[in-house]
S.K.: 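Dropping a structure here in structure tokens format, bear with me for questions.
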There are 2 protein chains.
Amino acid sequence: MTSRPSAEPRDIPEATVARLPVYLRALTTLAEDGVATCSSEELAQATGVNSAKLRKDLSYLGSYGTRGVGYDVAYLRYQIARQIGVTQDWPVVIVGIGNLGHALANYSGFRSRGFRVVALLDADPSRQEEVVAGVDVRPFDDLEAIVEECGVAIGVIATPAAAAQDVADRMVAAGIRSILNFAPTVLAVPEGVDVRKVDLSIELQILAYHEQRKSPHLALTPIEEPAI
Amino acid sequence: MTSRPSAEPRDIPEATVARLPVYLRALTTLAEDGVATCSSEELAQATGVNSAKLRKDLSYLGSYGTRGVGYDVAYLRYQIARQIGVTQDWPVVIVGIGNLGHALANYSGFRSRGFRVVALLDADPSRQEEVVAGVDVRPFDDLEAIVEECGVAIGVIATPAAAAQDVADRMVAAGIRSILNFAPTVLAVPEGVDVRKVDLSIELQILAYHEQRKSPHLALTPIEEPAI
DNA sequence: AGGAGTTTGTGAACGTGAGAACAAAACCGG
DNA sequence: CCGGTTTTGTTCTCACGTTCACAAACTCCT
Ligand SMILES: NC(=O)c1ccc[n+]([C@@H]2O[C@H](COP(=O)([O-])OP(=O)(O)OC[C@H]3O[C@@H](n4cnc5c(N)ncnc54)[C@H](O)[C@@H]3O)[C@@H](O)[C@H]2O)c1
Ligand SMILES: NC(=O)c1ccc[n+]([C@@H]2O[C@H](COP(=O)([O-])OP(=O)(O)OC[C@H]3O[C@@H](n4cnc5c(N)ncnc54)[C@H](O)[C@@H]3O)[C@@H](O)[C@H]2O)c1
């Protein structure tokens, strides 16, 4: 190998970053099932990707496989977790404890995957008497104090769309630099702040688009290819 | 090769399809605000994309703008809605009425965007006495009857991961060909069935990856183990 | 009516990602 | 110790997506 100045953060393509958590989950399942080793083909099957793509993805992390054998499940799992940054716990605040906020607060998948909900915030005083999943709902104005105190870097927005931009602005001002937004709005944030959105309606509309194309021809068998 | 009839269905790139709902939402907001016309630059601002990209996206639908003027908000909005297929209502079933399922059932954004929840299904008999958002929770075994009766093409899975594949199989067998999956599992489905996933943990992990790169002060990764 | 000023639609350049294919590396059985 | 087998890591090519840049098409004002 060319002498790298140590395995320093080579930057990983965005498409690869988005798949690493999927591999991580599959490896966790394999580990729980007592599987010690797996090939790229097996892991590709489990995650629904092409095995060549999987190998290329993993190669961005380093050479953690053994030719002729495959990958050590526990070792690869650790390496991916380390690259993603989920070997440590990330404190998270959730703002907007309505229907969706309640579901998120109760979601056990957070904790088990390296995220810890340190605070639930809501602007509505009547919400603030609640305790959800063992965490007090606190006034939204406590945001800055909590971010400071707990070193929160990731915020989740589950408020109505009308409030989302304001909440985001406050989050950014408080020092949060990564936001997961469930409100159906485009958020404007300064450079250096990452926003990812989860939008139900958009997903359904994408499905509807494809569904619409499928419907007219029930037995749609495109015989476009002129057989050579 | 075959010069296609070049009727309406030119196929739209997947990346464009994913953005059309965002444009649609922005146009709806503009329409509600009484805006009659807007330029690609304005719409691009509102949706957070490059204006050239937006124009190219819209050009796949046809030439609905006017040079020197911009786009007619109401007309463009209708054209996008028609292309996506949300001028009609799509019946949807939700399976798994737990924390998340409740939130989804109560979500008003469905109805207002062309989707109608026609049934809530759960395998747990104790859930089946509930009425959520005016809809009865019914036994999962009613799936086939409901799909048939209401012509359901889109199903939402909000069950635990362990049940998701079974639910998906039943949905496919019942005739559903588009699935939105909230369970953290990779679903295997036959050709012709579309699956989209919404995965909280993956989104957070992607944020964590970038966050980790932003703040080297947390750099716990010391040095690699020397190879060999 | 004509020129000035806008804004669209698109061709071309560029960048990123996917997949096929294969040499290199490791193991295994004799 | 060696040839055969397996599977990785990587290279190459093609497809897709993004952005720039600009002619064409339209409005408005004089
Ligand atoms: N419910 C769903 O399944 C679902 C699905 C997709 C998207 N969404 C979106 O998620 C968001 C929340 O949905 P929901 O159903 O939970 O709504 P909700 O009305 O039940 O809850 C919103 C909560 O946010 C709080 N809030 C309002 N303004 C606030 C502010 N400025 N600061 C802090 N808190 C504030 C409210 O007090 C309320 O408790 C909405 O934007 C909705 O469009 C919801
Ligand atoms: N709660 C969240 O915020 C959240 C976030 C992200 C992902 N998820 C995922 O969404 C899914 C649901 O989460 P939840 O918190 O609502 O879980 P939950 O346990 O509260 O609800 C699951 C529901 O599914 C029902 N169910 C189980 N097996 C079924 C089957 N075979 N057929 C029909 N119904 C069945 C159960 O009776 C229960 O009502 C899980 O896979 C979870 O990982 C949840």
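Quick note: numbers below take in every heavy atom, side chains included, and nothing from hydrogens, waters or symmetry partners. Chain naming here is simple, since letters A, B, ... match the order of the sequence lines and numbering starts at 1 in each.
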S.K.: Whole angstrom is fine here: how far is it from OH in A:Tyr23 over to P in D:dT8?
M.R.: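 Those two atoms, OH and P, are 13 Å apart.
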S.K.: OH of A:Tyr71 versus C1' of D:dT8: gap in Å, rounded?
M.R.: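 Interatomic distance, OH of A:Tyr71 to C1' of D:dT8: 6 Å.
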S.K.: Counting just side-chain N and O atoms, does B:Ser63 come under 4.0 Å of either OP1 or OP2 of C:dG9?
M.R.: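 Checking B:Ser63 against C:dG9: at least one side-chain N or O falls below 4.0 Å of OP1 or OP2.
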S.K.: Where each residue is assigned the nucleotide of DNA chain C containing its nearest heavy atom, which of B:Gly68 and B:Gly65 is assigned the position nearer the 5′ end?
M.R.: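 This one resolves to B:Gly68.
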S.K.: In whole angstrom, give the distance that lies between atom CG of B:Leu61 and atom P of C:dT8.
M.R.: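 Going from B:Leu61 (CG) to C:dT8 (P), I get 14 Å.
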S.K.: Let's see if you can work this out: which of D:dA21, D:dT18, D:dA24 has an atom nearest to the side-chain heavy atoms of B:Arg19?
M.R.: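 It is D:dT18.
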S.K.: OP1 or OP2 of D:dG17 versus the side-chain N and O atoms of B:Asn50: is any pair under 4.0 Å?
M.R.: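 No, outside the criterion.
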S.K.: In whole angstrom, what separates B:Glu14's CD from D:dA15's P?
M.R.: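 It is 18 Å, rounded to the nearest whole Å.
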S.K.: Are the charged groups of A:Asp89 and A:Arg111 less than 4.0 angstrom apart, N to O?
M.R.: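 Answer for the salt bridge query: no.
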S.K.: Quick one: does A:Lys56 reach the base of C:dG19 with a side-chain donor-acceptor pair under 3.5 Å?
M.R.: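 Such a pair is found, so the answer is yes.
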S.K.: Between D:dA25, C:dG19, C:dA23, spot the one nearest the side chain of A:Lys53, thanks.
M.R.: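 It is C:dG19.
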S.K.: As an exercise, state the distance from OH of B:Tyr60 to CZ of B:Arg55, rounded to the nearest 0.5 Å.
M.R.: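 If we round to the nearest 0.5 Å, B:Tyr60:OH and B:Arg55:CZ are 13.5 Å apart.
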S.K.: Reckon A:Arg55 has a side-chain N or O less than 4.0 Å from the OP1 or OP2 of C:dA20?
M.R.: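 Negative; the distance criterion is not met.
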S.K.: If you check the B:Ala15 side chain, which of D:dT7, C:dA18, D:dG17 turns out closest?
M.R.: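 Within the option list, the nearest is D:dG17.
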S.K.: Quick check: on DNA chain C, is the nucleotide nearest A:Asp57 upstream (toward 5') of the one nearest A:Thr66, or the reverse? Name the residue that is more 5'.
M.R.: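 Nearest nucleotide further toward 5': that of A:Asp57.
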S.K.: May I ask you to test the B:Val152-B:Val92 pair for a side-chain heavy-atom distance under 4.5 Å?
M.R.: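 They are not in contact (no side-chain heavy atoms under 4.5 Å apart), so the answer is no.
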S.K.: Classify A:Glu41 by what it touches in the nucleic acid, base, sugar-phosphate, or nothing, heavy-atom distance under 4.0 Å.
M.R.: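 Answer is nothing: A:Glu41 stays at 4.0 Å or more from every strand.
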S.K.: Could you check how far CG of A:Leu43 sits from P of D:dG9, rounded to whole Å?
M.R.: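 The answer, rounded to whole Å, is 12 Å.
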S.K.: Can you name the one residue among B:Arg113, B:Arg19, B:Arg25 that meets salt bridge (charged side-chain N to carboxylate O under 4.0 Å, His left out) with A:Asp199?
M.R.: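 Considering B:Arg113, B:Arg19, B:Arg25, a salt bridge (charged side-chain N to carboxylate O under 4.0 Å, His left out) with A:Asp199 is found only for B:Arg25.
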S.K.: Can you tell me if the side-chain N/O atoms of A:Tyr60 get under 4.0 Å from OP1 or OP2 in D:dT10?
M.R.: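 For A:Tyr60, the contact criterion (side-chain N or O under 4.0 Å from OP1 or OP2 of D:dT10) is not met.
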S.K.: Please report, rounded to the nearest Å, how far the P atom of D:dT8 is from the OH atom of A:Tyr75.
M.R.: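 Going from A:Tyr75 (OH) to D:dT8 (P), I get 16 Å.
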S.K.: Using atom CZ of A:Arg67 as one end and atom C1' of D:dT7 as the other, report the distance to the nearest whole Å.
M.R.: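 Spelled out: CZ on A:Arg67 to C1' on D:dT7 is 9 Å.
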S.K.: Is A:Ser39 near enough to D:dT7 that one of its side-chain N or O atoms lies under 4.0 angstrom from OP1 or OP2?
M.R.: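 So the side-chain polar atoms of A:Ser39 never come under 4.0 Å of the phosphate oxygens OP1 or OP2 of D:dT7.
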S.K.: B:Glu42 has an atom CD; how far is it from atom P of C:dT6, in whole Å?
M.R.: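 These atoms are roughly 14 Å apart.
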S.K.: I'd like to know if A:Lys197 pairs up with B:Glu203 as an ion pair, taking the criterion as any Lys NZ or Arg NE/NH1/NH2 lying under 4.0 Å from an Asp or Glu carboxylate oxygen.
M.R.: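 Answer for the salt bridge query: no.
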